[in-house]
Amino acid sequence: MQQERRAIIHIGAPKAGSSSIQTFLKAHYERWQDHGILSLGMTGAKTGLNHRTLYFSFHRGSISRVDRMRFHSDTEYDHHRQLQQQLLAQEIACHDSCNTLIFSDEYLTRLDAASVQELRQFLECHGVTQFLVLAYVRDPGSLFLSSAQQSIKAHHELPSPIGWKQHFSHVLRTWNSVFPGCTLYRAYERSSLVQGSVVDDFLQSIFGLDADQSRENLATTTKSNRNLSMTAEGMALLLNYRRMFHREKANIFTPDTRQLILILQECSGMDRFEPPRLHQEWRHFIEDCHAQELLQLSTEFGLNYQQIDYDRLRQALLSPPRVPSPPTSDLTGAFQDVAYLVENISTEAYQALSLHVLHRMAQKAAENSKLKKALQHAGQPA
């Protein structure tokens, strides 16, 4: 007789702690199996299953531009889809003692209602009788800034808030319609999360345990690697670098840029540098452009953000949003572009950050030189 199972489906949303949760799940993949918990696709293998397996297994909509570069025809994509569903079924079958299944993939937010319904039917065929769909949703202002940082990692121009829209309520409605009474939506802001940690919040949400109980029973640690942000000065430095050396490579990641980004993210953790903050005028502009969406998230899904003035939002519905005027400034280039959006940027911090980056790169070059000499001395090719 097939045992009854529970499925926890974490669907993101984008830029809302998914990488931290997935890193944590991967680190505890084997340990949790002793407790009857299987985090599917978190083996860390480069081939076979990965955390996007669930998305690929059930996605029936149009193929994205990025996936078109990998799959050259609908037939090839459908074959991959069937293969991923088979691998998913095999992993579940190989761990028949696990009665709790956990999935985590922000790409699940791209599934339409028919795809989500097929996903539910598949899980029910594998003994799942209880469901919890969990999503963390970021407010539009902080989401724009995070998305802008992601964009300039492969581009030389800073995105503009003008015309930028990110609506998520329709995604939540889709999942509510397929999993009625089985959804939990959380505001992604540090002050609202358990101990300010999305991983601790995730554990309490799915198991009902506080952070101390989670560490004692299920986790060696709830700390995990996360996608560190860059400082405002780091954004300007990266933009200047891309403009000087990779202007012709828009939307293309390069190895040297990746190394620079890693160092900029390391520096962002130093006490002397602050995380970037949008000018209040731009934050209000973005919120006003999303006023109807934010009010729907609040009334329909209980998603409220502490830093948002909802009375001001209701007034914003009565008139079009006002674009902030460019500040009077002697700044130029990328520094000026970032200063137009972000309030806490300074030339002194930019100079200090530049020196830190040079110092870190020099250290890496010296370490690589020592490694090369050691390999040569051992008779191995460098």
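Proximity of Y305 to L294: side-chain heavy atoms (C-beta onward) are separated by under 4.5 Å at one or more points. Put simply, the side chain of R5 does not reach to within 4.5 Å of the side chain of E124, judged on heavy atoms. Residues T75 and Y77 have side chains not in contact (no heavy-atom distance under 4.5 Å, counting atoms from C-beta outward). With contacts defined as side-chain heavy-atom distances shorter than 4.5 Å, the pair F24/L203 qualifies.
Ring pair F122/H126 is tilted by interplanar angle, where 30° to 60° counts as tilted. Using bins of under 30°, 30° to 60° and over 60° for the plane-to-plane angle, the ring pair W164/H290 lands in the tilted bin. Ring orientation note: the planes of F285 and W282 are nearly perpendicular, at an angle over 60° on the 30°/60° scale. Aromatic ring orientation, F56 versus F71: perpendicular (interplanar angle above 60°, classes split at 30° and 60°).
For the residue pair D78 and Q82, a side-chain donor N or O sits within less than 3.5 Å of a side-chain acceptor on the partner. Judged by distance alone, the side chains of S229 and Q149 never bring a donor and an acceptor atom under 3.5 Å apart. For the residue pair H246 / D256, a side-chain donor-acceptor distance below 3.5 Å is found, with atom types taken as modelled.
A salt bridge is defined here as a Lys NZ or Arg NE, NH1 or NH2 lying under 4.0 Å from an Asp or Glu carboxylate O, and E300 with R173 meets this definition. A salt bridge does not link R60 to D112: none of the charged side-chain nitrogens sits closer than 4.0 Å to a carboxylate oxygen. In this structure, R283 pairs ionically with D139, as a charged nitrogen and a carboxylate oxygen lie closer than 4.0 Å. Using a cutoff of 4.0 Å between basic side-chain nitrogens and carboxylate oxygens, E189 and R138 are not scored as salt-bridged. With salt bridges taken as basic N to acidic carboxylate O contacts below 4.0 Å, one links D288 and R312. Between R314 and D309 there is no salt bridge, since no side-chain nitrogen of the basic residue lies less than 4.0 Å from a carboxylate oxygen of the acidic one.
Of the inter-residue distances, the one linking Q292 atom CD with L297 atom CG reads 10.5 Å to the nearest 0.5 angstrom.
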Would V128 and L101 count as a side-chain contact (heavy atoms from CB on, under 4.5 Å) if you check the C-alpha gap in whole Å, the side-chain angles of each, and the deciding distance to 0.1 Å?
-> CA-CA 9 Å; V128 176; L101 308 178; 4.0 Å; yes

Dump the intermediate steps for side chain to side chain donor-acceptor pair (under 3.5 Å) on E91 and H95, then the final yes or no.
-> CA-CA 7 Å; E91 187 176 17; H95 299 84; 5.0 Å; no

I would like to know whether Q22 and S104 meet side chain to side chain donor-acceptor pair (under 3.5 Å); could you show each step before the answer?
-> CA-CA 7 Å; Q22 289 156 14; S104 175; 3.2 Å; yes

Intermediate values then yes/no, side chain to side chain donor-acceptor pair (under 3.5 Å), H10 and Y136 = CA-CA 9 Å; H10 168 238; Y136 291 91; over 6 Å; no

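No donor-acceptor pair under 3.5 Å is formed between the side chain of R242 and the backbone N or O of I152.
Considering V199, D200, D201 in turn, D201 is the only one that fulfils the side-chain contact (heavy atoms from CB on, under 4.5 Å) rule with L193.
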